[in-house]
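Data block below; observations after.
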Amino acid sequence: MVRSTSCVRPARLTTSGWGGSPNRPGARRYPATMHDPRVLLDPATDAVRRLTRRGFALDVATLDKLLSGRNSAIQRADEARAEAKRVATSVKGASADERPARVERARELKAVIASAEEEHRGLETELRDLLLGIPNLPADDLPDGTSDADAEHVRSWGEPVELDFAPLDHVDLGEKLGILDLARATKLSGPRFAVLRGRGAKLERALARYFLELHTEQHGYTEFSVPTLVTRAALTGTGQLPKFEHDLFRTGVAERELFLIPTAEVPLTNLHAQETLATEDLPLAYTAHTPCFRSEAGSYGRDTRGLVRLHEFSKVELVRFVEASRSRTELELLVGHAEACLQGLGLAYRVVKLAAGDIGFSAEFTYDIEVWLPGQQRYREIASASDFGTFQARRAGIRTKSRDGTRGFAATLNSSGLPIGRTLVALLEQGQQADGSVRIPEALVPYTGFDVLTPA
RNA sequence: GGAAGCGUGGCAGAGCGGCCGAAUGCACUCGCCUUGAAAGCGAGAGACCCGCAAGGGUCCGGGGGUUCAAAUCCCUCCGCUUCCGCCA
């Protein structure tokens, strides 16, 4: 039962993925589009400079060589095939004398086609591999820099809570309240996992419900329940693969390979992979609450305490499919939807524009939302809202067609809306009272059924 | 996991190895007709790749094979349906 709740009819899906051998030239297939190499090579794009801002050195010479080599191979194959076609149709009407010569010519052409196709296949694969590893071009209006310290302040909301007592961090709070059990989580699964207990577990459920209701009722999102195990093709579409396999948990049963999703962005965005969306149906706004799994390789020693950086956490995600020309306008909407979550809970936060060298592989522009944590006396990232332009749509084959027949690629955007664990951290720390209890925001009470957490 | 069947354009559904990118119906677009609509009549309309263009090429689930020539024959994989088994 796959009847979609979306207004778009699913396109026919091919059964092969990225993983297989390269397809025959011209055959319907997962596209080798990712970046458009012609756009990258166009001096007007200024790709080299823009990619340098994020520390990526674009090899223009190789790209150019592969592209022109591939194109001329395609042309040679096409020409030979065109002649072969003519010769083949002429065989039937040919006289007994002419016939052997024609058949012979057809045989020759067959070999020409085969060699041109083989060359095409090889170059196509090389080109694809090169293109798949090139990140998106950062927008010019992002600040320079490569770390979160280089981010540019955009706006703040709410007052950082000034407590007239020594604030505890969420771990001490959670344990004193009897809602958080990290030691037992370690017993079950090792480091970077968490167990929530009693009102803590209920709080997690309440937050997820609160966010989902907010987005579906107030912001126009359609809720989905999606798989949390996905294919290599799906992850290639959104850009986690092939470069960042070490960040993912991989599973395998017999020959079948599946990955645990690092975010619901992956299944939600790939819902429309290999489909053509009618522009009049855009924007599409999707949300889902899923667990997320991250290996956190390379973050040894960072945020080892508490709920901030776990191998498994739960998150509500927002994804939008929009017309390419509107992506930045839509990003403003999207970041507002994420902010509404925090505003509704009365949690102080600020919005920053990430530096060009600090945004994700697939992004061209990213806002981070940072929430105030009294326990750490600083703002910490709670959500990222990114505009991917057509980067993901090209990789995943998400096309658009307007009423007048114009075709193109969609733009995709996504934001957390929000991660449950980090929200809980902020809730505990900003809501703590001198007596060790924690106030629950009014908006959440209908979902929790209680308005305060008290030490056990 | 075992057995049988099926996979053709937005949908339904034809298709003798060459005249098949593919009949027909529905849906769609544009005209005509109409106060408006329906009906009727006429015309049009797939996707992708190479090319400035003219044009050329590819696509009948994927891949491979036979042949001068494959939607059509063969192999294989995938998916779907039904029956049985196993389970939530």
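By convention in this document, chain letters (A, B, ...) are assigned in the order of the sequence lines, proteins followed by strands, and residues within each chain are numbered from 1. Note that the structure is a prediction, hence the values are computed from the model and not measured.
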Give none if B:A70 has no partner; otherwise give the nucleotide forming a Watson-Crick or G-U wobble pair with it, both distances under 3.5 Å. none
Side-chain atoms of A:K110 come closest, of B:A69, B:C50, B:G57, to B:A69
Pick the P atom in B:G10 and in B:C60, then give their distance to the nearest Å. 14 Å
It should be established whether A:K401 places a side-chain nitrogen or oxygen under 4.0 Å from OP1 or OP2 of nucleotide B:A47. yes
Atom P, compared across B:C19 and B:G57: separation rounded to whole Å: 14 Å
Salt-bridge criterion met for A:D141 and A:R328 (N-O under 4.0 Å): yes
Using Watson-Crick geometry (N1-N3 plus N6-O4 or O6-N4) or G-U wobble (N1-O2, O6-N3), each under 3.5 Å, B:C80 is paired with B:G5
Integer-rounded Å distance: B:A47 C1' and A:F409 CZ: 12 Å
Between B:G18 and B:C84, how many Å separate the two C1' atoms, rounded to a whole number? 45 Å
Given B:C68, B:C49, B:U58, which nucleotide is nearest the side-chain atoms of A:I74? B:C49
Checking N1-N3 plus N6-O4 or O6-N4 for Watson-Crick, or N1-O2 and O6-N3 for wobble, each under 3.5 Å, the partner of B:C20 is none
Ion pair A:E296/A:R294, N-O distance below 4.0 Å: no
Base of B:G57, side chain of A:D78 - is there a donor-acceptor contact under 3.5 Å? no
Protein-nucleotide distance (A:R81, atom CZ; B:G21, atom P), rounded to Å: 15 Å
Taking the nucleotide of RNA chain B with the closest heavy atom to each, which residue, A:A88 or A:R38, is nearer the 5' end? A:A88
Rounded to the nearest angstrom, tell me the gap between atom CD in A:E117 and atom P in B:G65. 10 Å
Take the protein atom CG of A:D97 and the nucleotide atom C1' of B:C68, then report the distance between them rounded to whole Å. 17 Å
Watson-Crick or G-U counterpart of B:A88, or none if no pair lies under 3.5 Å: none
For A:H289 and A:F224, I'd like to know if the aromatic rings sit close, meaning centre-to-centre distance below 6.0 Å. no
Checking N1-N3 plus N6-O4 or O6-N4 for Watson-Crick, or N1-O2 and O6-N3 for wobble, each under 3.5 Å, the partner of B:A54 is none
Taking only the side-chain heavy atoms of A:R70 (C-beta and beyond), determine which of B:C48, B:C68, B:C50 contains the nearest atom. B:C50
For atom P, what is the distance between B:G13 and B:U8, given to the nearest Å? 9 Å
Answer yes or no: is there an ion pair linking A:E126 with A:R70, defined by an N-O contact shorter than 4.0 Å? no
Given that both distances must come in under 3.5 Å, which nucleotide forms a Watson-Crick or G-U wobble pair with B:G40? B:C32
Taking the C1' atom of each, how far is B:G1 from B:G85, in whole Å? 7 Å
Just how far, in rounded Å, is C1' of B:G10 from CD of A:E275? 13 Å
Whole angstrom is fine here: how far is it from CZ in A:R105 over to C1' in B:A69? 16 Å
Modelled atom types, side-chain donor and acceptor of A:K401 and A:T279, under 3.5 Å: no
Test the A:R199-A:F450 pair against the cation-pi criterion, namely NZ or CZ under 6.0 angstrom from the six-membered ring centroid and within 45° of the ring axis. yes
Side-chain donor/acceptor of A:N136 to backbone N/O of A:S362, under 3.5 Å: yes
Under 4.0 Å between any heavy atoms, over every strand shown, what does A:V87 touch: base, sugar-phosphate, or nothing? Just pick one. nothing
Note: for A:A84 and A:Q75 on RNA chain B, the residue whose nearest nucleotide lies more 5' is A:Q75
Is any side-chain N or O of A:R407 closer than 4.0 Å to OP1 or OP2 of B:C49? no
Could you state the CD1-P distance from A:I113 to B:G65, rounded to the nearest angstrom? 13 Å
Under a 3.5 Å limit on both distances, the Watson-Crick or wobble mate of B:C11 is B:G25
With rounding to the closest Å, how many angstrom separate the C1' atoms on B:C28 and B:C11? 11 Å
Atom CZ of A:R86 and atom P of B:C19: how far apart are they, to the nearest Å? 16 Å
OP1 or OP2 of B:U58 under 4.0 Å from side-chain N/O of A:K85: yes
Less than 4.5 Å apart, any side-chain heavy atom of A:L345 and any of A:C341? no
Strictly below 4.0 Å: does A:N71 bring a side-chain N or O up to OP1 or OP2 of B:G51? yes
With C1' as the reference atom in both, quote the distance from B:U29 to B:G17 in angstrom, rounded to an integer. 37 Å
Span that lies between the P atom of B:C41 and that of B:G46, in whole angstrom: 23 Å
Among B:G57, B:C48, B:C68, the one nearest any side-chain atom of A:R107 is B:C68
